[in-house]
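What follows is a single structure, written as structure tokens, with notes after it.
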Number of protein chains: 2
Amino acid sequence: MGDRRYGGRSAQQRRGDRRERLLEAALDLIGTQGYAAATVGALCGAAGVSTRTFYEEFGGREDVLLAVHDQITAAGFAALTDALAATASEQLHARIHRSVHAYLGAVASDTRQARVAFVEVVGVSPRVERHRLAWRRRIIGLLETEAAATAHRVSSPRRDFRIAAIALIGAVNELGHHWSLQPEAMPLDAVATEITRLAAAAFAL
Amino acid sequence: MGDRRYGGRSAQQRRGDRRERLLEAALDLIGTQGYAAATVGALCGAAGVSTRTFYEEFGGREDVLLAVHDQITAAGFAALTDALAATASEQLHARIHRSVHAYLGAVASDTRQARVAFVEVVGVSPRVERHRLAWRRRIIGLLETEAAATAHRVSSPRRDFRIAAIALIGAVNELGHHWSLQPEAMPLDAVATEITRLAAAAFAL
DNA sequence: CCCATCTGGTCAGAGATCTTTTCAGAATCA
DNA sequence: TGATTCTGAAAAGATCTCTGACCAGATGGG
């Protein structure tokens, strides 16, 4: 059980490569056929990995779903955070517009990602559900903080933005889902504009 | 294979009764343990019905989920339609507020119903997904029509309300889900008020 | 009051998957 | 060549779904 080179790559590289291929196969299978169709066998077949190796990399089928979901949501979260930071000095409308644009661009521009994040990950098991809700809490917190800061800046009456944040997340995700289903029928800009309208009202000034 | 009375009830009554018990058991199991836990065996055990009888009443496990979902969503849809009709002459804000109140009262006041409608029914299979999206299209259509009529009444510029309708549905469902999880932390009135704020902006006048 | 008939539950099992472990053997390296 | 690495196939075990056979209790006609 040494770690000599094999196929021209080190043990770590080979291992990372397999994980990569498994994650890519998972995104593709879950995102196009659904989580139910992504059995361990199908996953391994698509990734060109043996079931034995699979269990060396992941604890089970569900772990792969969690990993893929993490990747997608983390990217979306980062895009949102970056956009908020990059537009900190801009007008509220432009800021929201660009942030929504960034978030949906990261999460929903790939139909498969959108399906995983908005559909396949919902209601799978208690564990996955905890995971999903933890992410959502994080985003709610981010929006709440941001809203409170904005309200403070324009010295608006302070109020609880939690409900507004939840509502916005629901709106964005639902639109992201629809948009990913028929991107041509619903330009991303129109979606961002609509959300901007709502968000401006929610964080009313 | 006659249909004589038995246990004091006709064949139809007995049959309807069993169906009733199965649906109640399904709402309870799916709404508290999740769809995955609602196996045919568990369903039959909870309903006091044999598996044989089960397959006389339903084509399979999925049919029960669809039936329960139909019940819940149809009730919500009816509550919404009724509220919209009953408030046709009222101010926009009051109208929206009461309609949201009615819809969420019907769908989300029972945690189990909310979980079935907002979580367990999502991403189960292509067939269930078609069902869910068909319902959503129906609600989108209702909101679109209503928005267009309102815009016409106040002679606002006509625009496409489809995106706004989708966003609102997402917001309402997400809040309904959260509300059902912790009703005490989030009074229904506050939820309705928030949605009213958003909807007024969405159907901007 | 009794029994042929109906009704519906219990039980067992065939058939299908899935998950996870184990094994044989091909490919690669030292 | 012999050890290492990894795939593909097969095996073991666990569920589930759905069907069919059997049985206890209820009913209504005689």
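Below, read A as the first sequence line, B as the second, and so on, with proteins coming before strands; counting in each chain starts at 1.
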Which nucleotide sits closest to the side chain of [X]: [options]?
X      : options                  : answer
R4(A)  : dA30(C), dT7(D), dT17(D) : dA30(C)
R18(A) : dT20(C), dC6(D), dT17(D) : dC6(D)
Y55(B) : dA30(C), dT19(D), dT5(D) : dT19(D)
T39(B) : dC18(C), dT17(D), dG9(C) : dT17(D)

Identify which one of H131(A), R132(A), R127(A) satisfies the side chain to side chain contact (heavy atoms under 4.5 Å, CB included) criterion when paired with E129(A). R132(A)
Send over the distance from [X] [atom1] to [N] [atom2], rounded to a whole Å.
X      : N       : atom1 : atom2 : result
F58(B) : dC18(D) : CZ    : C1'   : 16 Å
R19(A) : dC6(D)  : CZ    : P     : 16 Å
E56(B) : dC18(D) : CD    : P     : 14 Å
R15(A) : dC6(D)  : CZ    : P     : 10 Å
E57(B) : dC18(D) : CD    : C1'   : 16 Å
D17(A) : dT5(D)  : CG    : C1'   : 14 Å
F54(A) : dC18(C) : CZ    : P     : 14 Å
Q12(B) : dT7(C)  : CD    : P     : 14 Å

Let's test your reading of the model: under 3.5 Å, does the base of dT21(C) pair with the side chain of T51(A) as donor and acceptor?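 Side chain to base: pair found, below 3.5 Å.
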Looking for any heavy atom pair under 4.0 Å, which part of the strands does [X] touch: base, sugar-phosphate only, or nothing?
X      : result
T53(A) : base
R52(B) : base
G8(A)  : sugar-phosphate

Given dC6(D), is OP1 or OP2 found less than 4.0 Å from the side-chain N or O atoms of R14(A)? yes
Quick check against the 3.5 Å criterion: does D63(A) have a side-chain atom that pairs as donor or acceptor with the backbone of G59(A)?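 Here the side-chain-to-backbone pair exists.
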Going by the salt bridge (charged side-chain N to carboxylate O under 4.0 Å, His left out) test, name the single residue among R21(A), R19(A), R14(A) that passes it with D17(A). R21(A)
Hey, is E57(A) close enough to R15(A) for a salt bridge, meaning N to O under 4.0 Å?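 Yes, this pair counts.
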Start with the C-alpha distance between V64(A) and Y35(A), add both sets of side-chain angles, then the distance that settles side chain to side chain contact (heavy atoms under 4.5 Å, CB included), and finish with yes or no. CA-CA 10 Å; V64(A) 183; Y35(A) 178 57; over 6 Å; no
